[in-house]
Amino acid sequence: MRRSSDFKTVTVLLSVAAVIVIAYVARGLYFDYSGKVVTEYIFETKDKQVVSVDCFVVRDENRTSSNKNISILKKTDNRVYVPAVSDSESVAKGQTIALSFKNEDEAQAYNKSVELRDRISHLEQLQDQGNLSHINVVTLNSEIASAVGNYMKLIDSGNYSGLDEAVRNLSYKITTRQIATGTKLDFSSLISKYEKERKKLLGSVGTKKSVTTQYAGYFVSSVDGFESVCDYKSISEDGIDNIDIDKLLSSKAKKADGAFGKIIGQHTWYLLCNIPLVEASVIKTGYYVKVSFPEKGIYDLDMSVHSVSDRAGDSLGVVLKCTSMNEALSSLRKEKAQITVKTYEGLRINSDALVTNDEGDTGVYILRGNRVLFKPVEIIHHGENYVIATPVTYYYDDGESVDLLKTSNAEIKAYDKVIIKGRNLSDGKVIG
């Protein structure tokens, strides 16, 4: 009984396999003799060559005097210091950059009073919206959608430094729309409540002292201990080789006791990394690349190639330069970056469509109407199961280009139907 069951199972499997083989052969014969083809549309696309690297950021934050780093701001007493300016904000010589308080309670009370001041200012701005004679609701809808998108990007990135500002912006846009659609809003009682709370908090704060800076630059409230690890001047003038970059990436932070911030001299900063030779072939001094820090929510930052080291092993040391600065950028140090070393723009074509004609030209067959046409292409990038290619322009013998809109020799273009399966194809062949 068991043998009979096994025999039936084997028979069924062999029958199925036979049907598959027959169908495959029949399909091949169908293409051979019926002239039918399988096509798909092609589209314009953009592809990126991206390399992921570990990198080290160097800024102008290691100016020295008497063997001390004068960029680092240190306390001169036991008081509690609170920044008076935002991170990455430009400061002038002699400007107040921090306030000091007798103890932590007074410092917290002052910080809460500043928070309430900002809330009051925000509510007053919303209140003023009621005085506008005309508000474009359609434009506001678009702005609200954009504000929501920015908020979600910050959440997804895990970088919450700009979250408060994003919330305020979204609240402002939504409230403005409420006013525009007839909602009556009155924040006067809430503003009065916040003003009373703020006055009480300030009454609990004793004498506060101003802390000024001796140097101009931009202020950063954090000190990570890597400020003196690499000399900014030598990087800006000479670059660095990849052996030194490895040392930087493995370096340890140094303690900065009593530090409450730093003054960075210039907005220009450098990113140091090792790039594998196979990816570095398109990296040249003076070229521009896009750099992203996904873990910090920073994308497509424009940077120029400042210097490239001599080859050492299977990689090159590369120094990238950037002149942009904001709070998020001012906190970068040892990071994982994605560098877009090259962008390819052209037509995305299925690799199965590529053929070589009798003249040795690489191209594709397309179907226009019921006619097969061979179109040469130049492949600029190979992807997985596809290529990005550009059309080859036709020219008359006198060197003048063919009028592409009026001749059957028109270049391949987006939305052409490229043939990915067919038999006995040739330029000019009629199908059907």
Side-chain angles (χ1 to χ4, degrees), residues 59 61 63 65-66 68-128 159-169 171-172 187-228 253-265 325-328 330-331:
R59 307 181 191 86
E61 55 193 0
R63 291 167 293 174
S65 177
S66 301
K68 293 182 179 181
N69 187 341
I70 58 176
S71 300
I72 305 299
L73 304 171
K74 292 192 175 184
K75 298 179 181 180
T76 57
D77 50 39
N78 293 324
R79 293 170 65 86
V80 177
Y81 286 61
V82 175
V85 293
S86 302
D87 275 8
S88 79
E89 183 177 335
S90 295
V91 294
K93 181 179 180 180
Q95 179 178 338
T96 297
I97 55 172
L99 299 172
S100 69
F101 300 87
K102 181 180 179 180
N103 53 48
E104 188 68 36
D105 289 340
E106 289 191 5
Q108 289 183 2
Y110 177 80
N111 283 336
K112 288 180 180 178
S113 74
V114 172
E115 182 181 337
L116 287 174
R117 180 195 65 193
D118 292 340
R119 289 185 186 180
I120 292 169
S121 176
H122 178 57
L123 291 174
E124 288 175 341
Q125 285 183 329
L126 295 177
Q127 194 81 54
D128 289 342
N159 176 26
Y160 305 134
S161 60
L163 202 57
D164 288 342
E165 180 61 31
V167 171
R168 283 195 293 269
N169 182 50
S171 170
Y172 184 82
F187 297 112
S188 56
S189 61
L190 189 56
I191 290 173
S192 177
K193 175 187 174 183
Y194 284 161
E195 286 178 338
K196 288 179 181 178
E197 290 180 15
R198 183 168 183 267
K199 184 177 180 180
K200 182 178 179 180
L201 286 168
L202 289 175
S204 67
V205 177
T207 302
K208 60 179 184 292
K209 297 181 180 180
S210 296
V211 180
T212 59
T213 173
Q214 302 178 47
Y215 308 99
Y218 65 95
F219 174 79
V220 175
S221 61
S222 61
V223 176
D224 60 19
F226 290 100
E227 285 78 11
S228 300
K254 298 179 180 179
K255 289 185 178 181
D257 295 332
F260 67 92
K262 57 193 173 188
I263 299 295
I264 301 178
M325 182 51 61
N326 56 38
E327 183 176 354
S330 69
S331 67

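Atom set for the values below is all heavy atoms of this structure, side chains included, hydrogens, waters and symmetry mates excluded.
The shortest distance between side-chain heavy atoms of Ser210 and Leu99 falls below 4.5 Å. Residues Val85 and Gln95 meet the side-chain proximity criterion, which asks for heavy atoms closer than 4.5 Å.
The line from NZ of Lys254 to CD1 of Ile72 is 11.5 Å long, rounded to the nearest 0.5 Å. In this structure, OG1 on Thr96 lies 14.0 Å from NZ on Lys209, to the nearest 0.5 angstrom. Separating the NZ atom in Lys262 from the CG atom in Asp87 is a distance of 9.0 Å, to the nearest 0.5 Å. Taken from CG in Leu190 to CD in Glu195, the straight-line distance is 10.5 Å, to the nearest 0.5 Å. Interatomic distance, Leu201 CG to Asn111 CG, rounded to the nearest 0.5 Å: 10.5 Å. Lys199 NZ to Leu116 CG: the interatomic distance, rounded to the nearest 0.5 Å, is 14.5 Å.
Salt-bridge formation is detected for the pair Glu115/Arg119: a Lys NZ or Arg NE/NH1/NH2 atom is positioned less than 4.0 Å from an Asp or Glu carboxylate oxygen.
The side-chain hydrogen bond (donor to acceptor under 3.5 Å, both in side chains) check on Ser100 picks up Arg79, with sequence neighbours excluded. By the ring pair (Phe, Tyr, Trp, His ring centres under 6.0 Å) test, Phe260 pairs with Tyr81, sequence neighbours left out. Taking the ring pair (Phe, Tyr, Trp, His ring centres under 6.0 Å) definition, one finds that Tyr110 meets it with Phe101, sequence neighbours left out.
Annotation for Lys112: atom NZ does not count as buried by contact number, only 12 or fewer foreign heavy atoms lying within 6.0 Å. More than 12 heavy atoms of other residues, nucleotides or ligands sit less than 6.0 Å from atom CG of Asp77.
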- Does the side-chain contact (heavy atoms from CB on, under 4.5 Å) test come out yes or no for Thr213 and Phe219, once each step is laid out? CA-CA 10 Å; Thr213 173; Phe219 174 79; over 6 Å; no

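Here the closest non-hydrogen pair linking Gly261 and Val223 is O-CG2, 3.5 Å. A pairwise comparison of heavy atoms in Glu124 and Ile191 identifies CG-CD1, 3.8 Å as the closest pair. Scanning both residues, Ser330 and Val220, for their nearest heavy atoms gives CB-CG2, 3.7 Å. When all heavy atoms of Tyr215 and Ile263 are compared, the pair lying nearest together is O-CG2, 3.9 Å. Closest heavy-atom contact between Arg198 and Ser113: NE-O, 3.0 Å. In plain terms, the two heavy atoms of Asn69 and Glu61 that are nearest each other are ND2-O, 3.0 Å.
Formation of a donor-acceptor pair under 3.5 Å by the Thr212 side chain with backbone atoms of Gly94 is not found in this model.
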